[in-house]
Amino acid sequence: MSPSTPGFAGSGPVPDSSNPVAGAAVSVSGLTVRRGRDTVLQNVDFSIPAGRITGLLGPSGSGKTTLMRTIVGVQAASGAVQVLGRPAGHPMLRHLVGYVTQSPSVYPDLTVEANVRYFGAMHRKGKPDVAEAIAAVGLVPQARQKAADLSGGQLSRVSLACALVARPQLLVLDEPTVGLDPVLRADLWNRFRSLAEAGTTLLVSSHVMEEASHCHSLLLLRGGKLLAQLTPSELAERGRSNDLEQAFLTIITEQEDHDGGIPARSAHSAGWHDRRMR
């Protein structure tokens, strides 16, 4: 989300959740993204259930941001991408989908409240909606502070509030916990759970494998390919380890062995170390 492209959200028809297909908030089939000679995403297929937290996990360069940009309709791609029952990028989705990018993008010379009020006005939201969004991200004490005076973690929360003010049905978050200390990360995940319980669908990317346990389901991305879609418990079972990072490494190793590539025998060779995917 940026000042020129606010987090899109609003009210609208809620997908039927009576079955996994009709109840999918996002459905992707045969998605391929190429940039020049490079294939960034290759033949990706998955669906995201409505009203749940789906984690998008993978090392840096695996295609996470490109996939999210495709879902919100700002990335050219081939294949079929349906979002809340409409093609990705459909004008109606501007009032149904919220998108928060990695870098906080707010007006530094405005207060927290003024920033959220500005984005809320684009969706005809009033003071109660602004106050609720600020409270939802825990920034009530900082509401009248200028964004320029906030910490990096607080700036990320302002961006999130600017997306939340319009009450999105789908909230796409690109590595929202980067740079936050463990306490702030835990608090933010608690807030994500509250949003999901209230009916919001969340797609959250991360390179911190420890955060996988906070999600209802996981998309494991590696080298532009979707390795698996499963739950945290299924990841642990398939990877034969309760350490979800080690379990992911096992899946990568088996996939590369199957493809005839060089096995990823260590965390470093898989593209991350010290329990963080770099």
Side-chain angles (χ1 to χ4, degrees), residues 1 7-10 12-33 41-58 62-75 77 79-90 92-101 160 163-164 167-177 189 191-207 211-222 224-235 244 248:
M1 185 184 62
F8 299 131
V14 178
D16 176 14
S17 59
S18 61
N19 68 72
V21 176
V26 178
S27 179
V28 173
S29 178
L31 173 62
T32 297
V33 175
L41 293 172
Q42 182 176 343
N43 199 30
V44 174
D45 301 286
F46 65 86
S47 63
I48 295 176
R52 296 290 185 269
I53 302 174
T54 298
L56 178 58
L57 302 171
S62 61
K64 298 190 302 296
T65 296
T66 298
L67 178 54
M68 296 184 127
R69 285 172 52 82
T70 303
I71 290 172
V72 299
V74 295
Q75 172 65 57
V81 182
Q82 291 286 316
V83 178
L84 300 174
R86 298 179 174 89
H90 191 283
M92 285 295 294
L93 295 175
R94 296 176 182 175
H95 301 285
L96 300 174
V97 180
Y99 180 38
V100 181
T101 60
L160 179 57
L164 290 177
R167 301 175 182 270
Q169 288 186 23
L170 171 65
L171 185 58
V172 179
L173 303 166
D174 196 354
E175 301 199 359
T177 62
W189 277 104
R191 297 181 190 280
F192 294 162
R193 278 194 293 273
S194 296
L195 288 170
E197 289 170 358
T200 302
T201 303
L202 291 92
L203 175 61
V204 185
S205 75
S206 179
H207 57 242
E211 296 189 336
S213 61
H214 297 296
C215 303
H216 296 104
S217 63
L218 306 170
L219 300 170
L220 305 184
L221 205 61
R222 165 80 168 172
K225 296 181 179 180
L226 184 66
L227 299 184
Q229 180 173 11
L230 32 60
T231 65
S233 60
E234 289 170 340
L235 172 59
L244 296 185
F248 191 8

task: Could you grab the distance from atom CZ of Arg193 to atom CZ of Arg52, nearest 0.5 Å is fine?
output: 14.0 Å

message: Distance check, rounded to the nearest 0.5 Å: Tyr99 atom OH versus Leu170 atom CG?
response: 12.0 Å

- request: Supply the atom-to-atom distance Leu202 CG to Leu171 CG, rounded to the nearest 0.5 angstrom.
  value: 5.0 Å

message: If you apply the rule side chain to side chain contact (heavy atoms under 4.5 Å, CB included), what do you find for Leu221 with Phe46, and how did you get there?
response: CA-CA 12 Å; Leu221 205 61; Phe46 65 86; over 6 Å; no

Spacing of Leu173 atom CG and Ser205 atom OG [to the nearest 0.5 Å]: 8.0 Å

query: Given side chains that start at C-beta, do those of Thr65 and Glu175 come closer than 4.5 Å, heavy atoms only?
result: no

- prompt: Which heavy atom in Ile71 sits nearest to a heavy atom in Ala88, and how many Å separate them?
  reply: O-CB, 3.6 Å

query: Is it the case that Ser206 and Glu211 place a side-chain donor and acceptor less than 3.5 Å from each other?
result: yes

- prompt: Please walk me through it: do Lys225 and Leu41 pass side chain to side chain contact (heavy atoms under 4.5 Å, CB included)?
  reply: CA-CA 6 Å; Lys225 296 181 179 180; Leu41 293 172; over 6 Å; no

query: Distance from Leu164 atom CG to Arg191 atom CZ, nearest 0.5 Å?
result: 10.0 Å

- line: d(Lys64 NZ, Leu57 CG) to nearest 0.5 Å is 8.0 Å

message: Distance alone, cut at 3.5 Å: any donor-acceptor contact between the side chains of Asp174 and Thr101?
response: no

query: Are Phe192 and Cys215 close enough, and set up right, to give a side chain to side chain contact (heavy atoms under 4.5 Å, CB included), and what steps lead you there?
result: CA-CA 10 Å; Phe192 294 162; Cys215 303; over 6 Å; no

Side-chain polar contacts of residues 24-33 - donor-acceptor pairs under 3.5 angstrom, sequence neighbours left out - could you list them?
| residue | atom | partner | partner atom | Å |
| --- | --- | --- | --- | --- |
| Ser29 | OG | Asp45 | OD1 | 3.4 |
| Thr32 | OG1 | Asn43 | N | 3.1 |

All side-chain hydrogen bond (donor to acceptor under 3.5 Å, both in side chains) counterparts of Ser62, not counting sequence neighbours: none

- prompt: Donor-acceptor pair, Thr200 side chain versus Ala196 backbone, under 3.5 Å?
  reply: no

task: Kindly determine whether Thr201 and Thr54 satisfy side chain to side chain contact (heavy atoms under 4.5 Å, CB included), including the steps that lead there.
output: CA-CA 8 Å; Thr201 303; Thr54 298; 5.8 Å; no

Only distances under 3.5 Å count here; give the side-chain donor-acceptor pairs of residues 226-233 to other protein atoms, sequence neighbours excluded, each with its distance to 0.1 Å.
| residue | atom | partner | partner atom | Å |
| --- | --- | --- | --- | --- |
| Gln229 | NE2 | Ser47 | O | 2.7 |
| Thr231 | OG1 | Ser233 | OG | 3.1 |
| Thr231 | OG1 | Glu234 | N | 3.1 |
| Thr231 | OG1 | Glu234 | OE1 | 3.4 |

- prompt: Is a side-chain donor or acceptor of His216 paired with a backbone partner of Ile53 at a separation under 3.5 angstrom?
  reply: yes

query: Is the shortest heavy-atom distance from the side chain of Leu244 to the side chain of Ser213 under 4.5 Å?
result: yes

